[in-house]
Amino acid sequence: MKTVLALIDCRNFYVSVERVFNSTIRTRPVLVLSNNDGCVVALSEEAKQLGIRRGMPLFECQHLVDTHQVALFSSNYALYQDFSDRVMQTLSVFAPRQEIYSIDEAWLDLAHVEPAQLPAYGRTMQATVQRHTGLPVHVTIATTKTLSKIAHEILKQQPEYQGVLSIVTIPAEEIDTFLAQISVDDVWGIGAHFALALNAMGIYTARQLKDANMFVLKRRLNVTVQRTVLELRGVSCLPLAPHPKRKQHIASAKTFSRPVETLDDLSAAIATYAARAAEKLRSERSIAGSISVFITTNRFKKQDPQYSPSASRTLHLPTAFTPTLMRTALDALLSIYREGYQYKKAGVLLSDIRPQEHLQFDLFGAFSLSQHHTQARLMHAIDIINRLWGQDTIYFGAQGLARARTWQMRQERRSPRYTTRWNELFAVT
DNA sequence: CGGCGTTAG
DNA sequence: TATTCTAACGCCG
């Protein structure tokens with residue numbers, strides 16, 4: 001059975017979501033900023049035209065922002081995730097199997113669709129997402145994931161396709177002409193480093209990569225590059241994965257809005273990140289066997305003394321109970337904290353993660369089933385309240401009072417959470 | 001197996 | 001003055 005995959009990619013996703021609620025920014029350049037309003041994480045076509053790039057620190061393009069009336073938004077993940085859910089739900093009716101690849105992308109298995117009908121089918125999907133969510137999407141259809149990404153690059157270069165392209169039935173020579181138009185560093189899976197190495201071997205385009213000796217590439221680079229070559233030849237090596245795997249690591253880490261020096265502030269931050277990580281852990285129905293903590297000074301301030309320690313702790317019993325994880329994290333923090341440094345970032349990492357059912361009774365009797373159930377019920381209740389009423393409706397004393405967390409990220413330009421908070425609903429007047 | 005490097009969105 | 005965050009995978013020692 002031949003593989004047929006559709007890639008659905010929301011165009012400039014965060015920007016497009018902001019534009020759904022704000023008609024005045026639909027023709028202006030728009031930027032969505034990272035935490036702390038520091039870097040550009042998403043931008044509209046108009047902003048790209050101005051020369052602004054993804055990842056740029058805001059201060060580097062401030063002059064363009066000022067002179068071209070660029071609209072700025074802090075990132076509003078609650079809103080974007082809600083729109084993502086709506087897009088994925090809309091797409092799910094078009095295929096028996098769907099892989100949600102990222103917040104703005106999905107693959108669908110279209111093996112059931114008559115090949116000649118694929119372009120029309122793609123056009124219908126595009127129109128349906130537009131109607132249900134107001135978001136523009138690209139739809140590309142191919143026999144491998146990598147080729148569907150290639151078709152997506154073609155759509156970016158050639159607007160006359162109007163966002164839909166199927167390359168399932170076109171002859172091999174025509175696919176070659178597409179591949180020849182794409183630079184090797186725009187091939188999915190080839191980043192800056194591998195692109196340089198490939199250039200040094202005389203490989204500059206996707207077509208040259210397809211025709212390269214994959215065994216040499218496996219030896220000189222790694223097996224993922226070999227797979228990419230095969231995928232470009234139409235041999236599917238990266239199957240659709242409809243059921244996301246349980247996470248092996250869960251991290252919560254953030255840059256502070258200002259340098260932090262005191263143990264008190266760092267403790268409140270680490271407690272907050274531990275709570276956030278524990279929440280994610282429970283949402284995966286998992287428990288963690290170890291936790292590590294790191295703190296780091298500002299590496300961009302080369303004249304300042306630098307210090308970036310980390311510490312790990314193994315938990316006697318794997319758990320998803322916030323107080324235990326928090327206590328352990330704070331204990332680890334105490335072991336690495338040194339006075340006299342300006343800390344800029346801190347984080348918590350959970351690992352040795354397993355399904356919550358795998359909790360094994362320990363042989364020495366420290367484990368109490370009734371205590372475990374009490375803890376699980378408490379966490380469940382807190383999670384439900386925070387989900388209904390918003391993050392941090394209930395939080396732990398060790399996190400410090402919300403208003404005292406002056407290190408917490410700046411989000412000065414966040415749009416309302418129109419769809420997930422009752423008091424921020426979109427109002428029609 | 002842990003640390004490092006690479007990639008992705 | 002200012003510089004995101006999270007996760008997976010492969011390789012190597």
Side-chain angles (χ1 to χ4, degrees), chain A residues 7-15 31-43 53-63 65 72-77 80-81 84 99-107 145-146 149 152 184-198 217-228 237-238 241 244-259 273 276-277 280-281 284 286 289-290 292 294 296-304 310 312 314 342 344-353 409-412:
Chain A
L7 170 66
I8 292 86
D9 179 301
C10 299
R11 304 299 300 140
N12 307 328
F13 181 58
Y14 298 171
V15 167
L31 305 182
V32 176
L33 305 172
S34 65
N35 286 338
N36 289 318
D37 296 344
C39 281
V40 176
V41 292
L43 62 171
R53 291 288 166 265
R54 189 173 181 280
M56 263 190 186
L58 185 57
F59 69 83
E60 274 181 19
C61 50
Q62 190 67 54
H63 59 291
V65 169
L72 298 180
F73 291 87
S74 304
S75 36
N76 187 345
Y77 288 104
Y80 307 151
Q81 187 59 59
S84 176
E99 174 181 342
I100 297 171
Y101 179 65
S102 71
I103 195 165
D104 68 341
E105 283 173 282
W107 269 293
K145 285 183 173 176
T146 307
K149 287 279 189 181
H152 177 65
V184 76
D185 53 315
D186 288 333
V187 174
W188 185 55
I190 306 296
H193 190 90
F194 287 169
L196 272 182
L198 291 167
L217 296 183
K218 173 175 153 55
R219 187 161 41 79
R220 305 257 291 259
L221 301 172
N222 69 27
V223 68
T224 63
V225 180
Q226 179 185 23
R227 286 196 197 111
T228 299
C237 302
L238 306 167
K245 286 204 199 118
R246 223 178 270 259
K247 288 188 175 54
Q248 297 169 27
H249 302 281
I250 290 174
S252 178
K254 272 185 187 59
T255 308
F256 302 131
S257 59
R258 59 164 175 86
Y273 302 155
R276 196 75 66 240
K280 284 194 228 168
L281 184 66
E284 297 250 315
S286 294
S290 81
S292 49
F294 73 84
T296 162
T297 48
N298 189 344
R299 66 182 201 282
F300 294 106
K301 290 200 169 174
K302 302 217 194 307
Q303 68 282 17
D304 285 7
S310 66
S312 298
T314 303
Q342 305 232 306
K344 187 59 179 166
K345 184 177 177 179
V348 166
L349 178 73
L350 301 178
S351 33
D352 193 9
I353 288 175
M409 64 184 178
R410 270 191 298 266
Q411 285 202 312
E412 282 158 10

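Order of the sequence lines sets the chain letters (A, B, ...), proteins ahead of strands, with each chain counted from 1.
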Exercise for the section: Examine C:dA2: is either OP1 or OP2 under 4.0 Å from a nitrogen or oxygen in the side chain of A:Lys301? Give yes or no. Expected result: yes

Handout entry: Lys/Arg N to Asp/Glu carboxylate O, A:Glu284 vs A:Arg246, below 4.0 Å
Key = no

Practice task
Looking at every strand, decide which applies to A:Ser252 at a 4.0 Å heavy-atom threshold: base, sugar-phosphate, or nothing.
Solution key: sugar-phosphate

Handout entry: Sugar-phosphate, base or nothing in reach of A:Gln248, heavy atoms under 4.0 Å
Key = sugar-phosphate

Exercise for the section: Using heavy atoms to find the nearest nucleotide of DNA chain C for A:Lys247 and A:Tyr77 separately, return the residue whose nucleotide is more 5′. Expected result: A:Tyr77

Exercise for the section: Have a look at A:Ile190 and say if it touches a base, only the backbone sugar-phosphate, or nothing, with a 4.0 Å heavy-atom cut-off. Expected result: sugar-phosphate

Handout entry: A:His249 side-chain N/O to C:dA7 phosphate OP1/OP2 under 4.0 Å
Key = no

Practice task
Remember a base hit wins even if backbone is also touched, and classify A:Ile250 as base, sugar-phosphate or nothing at under 4.0 Å, heavy atoms.
Solution key: sugar-phosphate

Handout entry: Expected output: side-chain A:Lys218 to main-chain A:Val225 donor-acceptor under 3.5 Å
Key = no

Practice task
Examine distances only and state if a side-chain atom of A:Ser290 and a backbone atom of A:Thr314 form a donor-acceptor pair shorter than 3.5 Å.
Solution key: no

Practice task
Kindly state whether the pair A:Phe300 / C:dT3 counts as stacked, where counting means centroids closer than 5.5 Å and planes tilted less than 30° apart.
Solution key: yes

Practice task
For A:Val32, report the nucleic acid contact type (base, sugar-phosphate, nothing); a contact means any heavy atom under 4.0 Å.
Solution key: nothing

Exercise for the section: From the options C:dC9, C:dA7, C:dC5, select the nucleotide whose nearest atom is closest to the side chain of A:Lys245. Expected result: C:dC9

Practice task
Classify the nucleic acid contact of A:Arg227 as base, sugar-phosphate or nothing, counting any heavy atom under 4.0 Å across all strands shown.
Solution key: sugar-phosphate

Exercise for the section: Please determine if A:Lys145 forms a cation-pi arrangement with A:Trp188, meaning its NZ or CZ atom is less than 6.0 Å from the six-membered ring centre and no more than 45° off the ring axis. Expected result: no

Exercise for the section: For A:Glu99 and A:Trp107, indicate whether the former's side chain and the latter's backbone hold a donor-acceptor pair under 3.5 Å. Expected result: no

Practice task
Spell out, as yes or no, whether a donor-acceptor pair under 3.5 Å connects the side chain of A:Lys149 to the backbone of A:Asp186.
Solution key: no

Handout entry: Whichever of A:Leu349 and A:Arg54 has its nearest DNA chain C nucleotide further upstream toward 5'
Key = A:Arg54

Exercise for the section: Return the nearest nucleotide to the side chain of A:Lys149; candidates are C:dT3, B:dG9, C:dA7. Expected result: B:dG9

Practice task
Output yes when at least one side-chain N/O atom of A:Gln62 is less than 4.0 Å from OP1 or OP2 of C:dT1, else no.
Solution key: no

Exercise for the section: Could you identify which residues of residues 219-226 of chain A place a heavy atom less than 4.0 Å from some atom of DNA chain C, listed by residue number, or say none? Expected result: A:Asn222, A:Val223, A:Thr224

Exercise for the section: Using modelled atom types only, decide if a donor and an acceptor are shared between the side chain of A:Thr296 and the backbone of A:Lys345 within a distance under 3.5 Å. Expected result: no

Exercise for the section: Establish, with yes or no, whether the OP1 or OP2 oxygen of B:dA8 is under 4.0 angstrom from a side-chain nitrogen or oxygen of A:Ser102. Expected result: no

Exercise for the section: Select base, sugar-phosphate, or nothing to describe what A:Phe194 touches, counting heavy atoms under 4.0 Å on all strands. Expected result: sugar-phosphate

